[in-house]
Amino acid sequence: MLKNLNPKNPMRLLVPLALFGLLVVLPLGNVYLRTKDLSRHAKLLSSAYKSQNFDLIKQEVIATKMSMSSVDSSLKFLIWLNLVPFVGGYYRDASGLSEAGFKSLNAVSTILESLEPSKVELGFTGQQIAGQDRITQALKILDKSLPYIPKIEGDLKQAALAVEKMDVNKYPENFRGFALRGNIKTSKNFIIGSYQAITKSKPALEVIPTLLGQSGEKTYLLLFQNDKEIRATGGFITAYAFLKIDKGTITTTQSDDIYHLDEKLLSTCKSKICPLTPPAPIVKYLPEVSGKPRSAWSMRDSNISPDVPTSAKEFERMYQLLGEGLPFDGIIFIDSQVVEQLIEVTGPIDVYGVPYSANNDHRCNCPNVIFELENYAEVVAKGEKDRKAILGVLMSQLLTKSVGVDVEKVPQFITTIVNLANGKHVLFYLHDEKAQSAFSTLNWIGQIKDYDGDYLHINDSNFAGGKSNLYVDQVVTQEVSYDKDGIKKKLTIDYKNPEPFNTWLNGINRDYIRIYVPRGSKLISSKGSEDQVNTIEDLDKTVFEAFITVRPQNSRKLEFEYAVPYDPKGEYKLMIQKQPGAKDFKYKIKLNGKQMEDFVLDSDKQFSFNW
């Protein structure tokens, strides 16, 4: 073997080295140089937007597009990598991102050409604008761009197709201090989301200018639901704030904790009859501090229906008892995940001298913002007289920093908002019927849906179990069998709290559970509930009611066997709806003993299987 490397015959070495240089070194070097040039133009494009120079923006979009095309051409010299195991996947990703970038910039260029006659009207005067003014400008741009959307649909569709098969999970989270996986995921989601925005989400795009006060001031009631004390629509209602939006400029006009609002309701109802008889589950499972059953229903507990529009209407009914009418145009429900994830985009904020950040806090081994929010919730619950109404200040600062983020972070900001809505951490109940319908199409209103197949929705309500949902997890297994007698299911829910009692805010989780299944389903047997399982009808579904307590460092198991009045006729269809505010729990689906799916429920999902 060594004789083959005889230095007297250098051609045997030069040929493979030359091939290596031609096939690998030169193409990679060219890709590197083209990518470097692309990065330079991308920065110049960002700078052009910041300077509000429309002509320069157009120029840099074209230059960036040409640089992207050069990167794509350079990558084609490495096309043979597509055949190499393992490496081929990364090559296809790079090619896909390159093609998607080019097509997306082509769409931007088309819109800019259409908007050029209106550039002065849109505020492109060559002077930098402040954060709040960016929203006003964005609304004008969106309004002017809507007629031209059909022109860019083809480009954005091709861009989305180019990246839809990318598996971002194969990339490391960080590479030399750069958040590699997160940035690739944001890019992919933004590209696909852009296409969905002009197709599936077009009705929502059309109403956004109106919702953000373009044609007249709007006021929204913001309700903060504490998902660490889970309730039917996302969490215990802790605080509220009024958001006023006028041509994109957002201000908070009033903010307080929910107990002050309930105290106001109680005072009002001393002088008149108020229909506030509490529902049976609240009477049974949510006693007064004294231990006596509740005799009155309060706004903080009004969100007992899993259907968000139904709970929103109940809250509004109680609010109207105050004699103030409804001084808002809709309700926006948010939970702690919204605050935490937006702070990851904006960076730390300060509220009454207290820092809120996404950094880990050793006092709870959780993000600092979660520690501070839960501390605030504890102060509110104890009724301390000097408690501050932080929600308005918190959201005001958070929104101000959000609209002022660097241009480079805009895709991350938009993707974060969309993911939060898809994951049911922010939900909307809007009085404008057209807007509500548009958001319903996006599945952003938290409704319990009709479905023509099998159906499952598990709804947990923590009644007097503190903030124990910080630590309680669950695994859900569905075993489906089908024979001549129809479909039978065994549903198993494993609850577990692995943390000790003395862990921060840990305690006994008192869980009122409702299992929503197709109407007409028949319960065959059940195990694990501390109370007798009741079968009721609600929201055009059959519901199995149960109750358990999950102690620290302990677990509980619930089992339900039932028959489903659904004939799949060869194709079994299933919808699973996620509870708002809930963690992304693990689910398994088995058909006739064979495991078909093992996944995390991070949004509503539909499945179809052939028997």
Side-chain angles (χ1 to χ4, degrees), residues 38 40-68 101-156 159 190-191 193-195 197-198 201-218 243-251 399-414 417 435 438:
L38 173 63
R40 181 175 67 86
H41 280 294
K43 290 177 181 176
L44 289 172
L45 176 57
S46 173
S47 178
Y49 171 74
K50 289 176 182 177
S51 67
Q52 292 290 289
N53 187 321
F54 191 90
D55 295 332
L56 189 57
I57 292 171
K58 276 187 62 181
Q59 177 184 318
E60 285 304 328
V61 166
I62 293 171
T64 306
K65 186 169 67 170
M66 296 310 296
S67 290
M68 188 70 78
F102 180 83
K103 293 296 182 182
S104 297
L105 286 166
N106 208 42
V108 173
S109 186
T110 299
I111 289 295
L112 289 175
E113 288 290 341
S114 302
L115 295 180
E116 186 162 18
S118 306
K119 61 184 180 182
V120 175
E121 179 188 347
L122 294 174
F124 290 99
T125 60
Q127 301 292 322
Q128 291 193 16
I129 58 176
Q132 289 278 18
D133 292 335
R134 285 188 195 175
I135 299 184
T136 303
Q137 183 188 55
L139 290 177
K140 291 179 180 178
I141 292 173
L142 174 60
D143 198 39
K144 289 284 186 182
S145 300
L146 287 172
Y148 307 109
I149 281 178
K151 291 184 177 181
I152 63 174
E153 186 173 330
D155 280 325
L156 293 186
F190 187 73
I191 290 166
S194 296
Y195 174 63
I198 65 165
S201 307
K202 188 178 178 183
L205 277 184
E206 292 172 344
V207 299
I208 282 176
T210 300
L211 293 178
L212 295 183
Q214 180 69 8
S215 55
E217 182 181 290
K218 296 290 183 181
L243 299 181
K244 184 174 73 174
I245 308 180
D246 187 12
K247 294 181 174 58
T249 299
I250 305 172
T251 55
L399 291 169
T400 298
K401 289 197 73 172
S402 294
V403 299
V405 294
D406 292 337
V407 176
E408 295 83 357
K409 283 192 172 184
V410 169
Q412 182 186 359
F413 173 70
I414 293 174
I417 292 293

Practice task
Might you work through the side chain to side chain contact (heavy atoms under 4.5 Å, CB included) test for K151 and S114, ending with a clear yes or no?
Solution key: CA-CA 10 Å; K151 291 184 177 181; S114 302; 4.1 Å; yes
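- Q214 places no side-chain N or O within 3.5 Å of a backbone atom of L211 that could act as its donor or acceptor partner.
- Legend: residues meeting ring-ring contact (aromatic ring centres under 6.0 Å, His included) with F102, ordered by chain and number and at least two apart, are absent.
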Practice task
Evaluate side chain to side chain contact (heavy atoms under 4.5 Å, CB included) for T249 paired with I135, printing each intermediate quantity in order.
Solution key: CA-CA 7 Å; T249 299; I135 299 184; over 6 Å; no
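- Side-chain atoms of T136 come within 3.5 Å of backbone atoms of K247 as a donor-acceptor pair (strictly under, hydrogens ignored).
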Practice task
Begin with the C-alpha distance, continue with both residues' side-chain angles, and end with the deciding distance and a verdict on side chain to side chain contact (heavy atoms under 4.5 Å, CB included) for K244 and K218.
Solution key: CA-CA 6 Å; K244 184 174 73 174; K218 296 290 183 181; over 6 Å; no
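- Considering E60, K65, Q59 in turn, E60 is the only one that fulfils the side-chain hydrogen bond (donor to acceptor under 3.5 Å, both in side chains) rule with H41.
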Practice task
Kindly determine whether F124 and I141 satisfy side chain to side chain contact (heavy atoms under 4.5 Å, CB included), including the steps that lead there.
Solution key: CA-CA 11 Å; F124 290 99; I141 292 173; 3.9 Å; yes
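- Using a distance-only test at 3.5 Å, with no hydrogens or angles considered, a donor-acceptor pair links the side chain of S51 to the main chain of A48.
- S145 approaches I111 most closely through the heavy-atom pair OG-CG2, 3.7 Å.
- Summarising the geometry of L112 relative to I57, their closest heavy-atom pair is CD1-CG2, 4.0 Å, with the distance given to 0.1 Å.
- With hydrogens and angles disregarded, no donor-acceptor distance shorter than 3.5 Å links the side chain of S46 to the backbone of A42.
- Q128 places no side-chain N or O within donor-acceptor distance of the main-chain N or O of Q52, the cut-off being under 3.5 Å.
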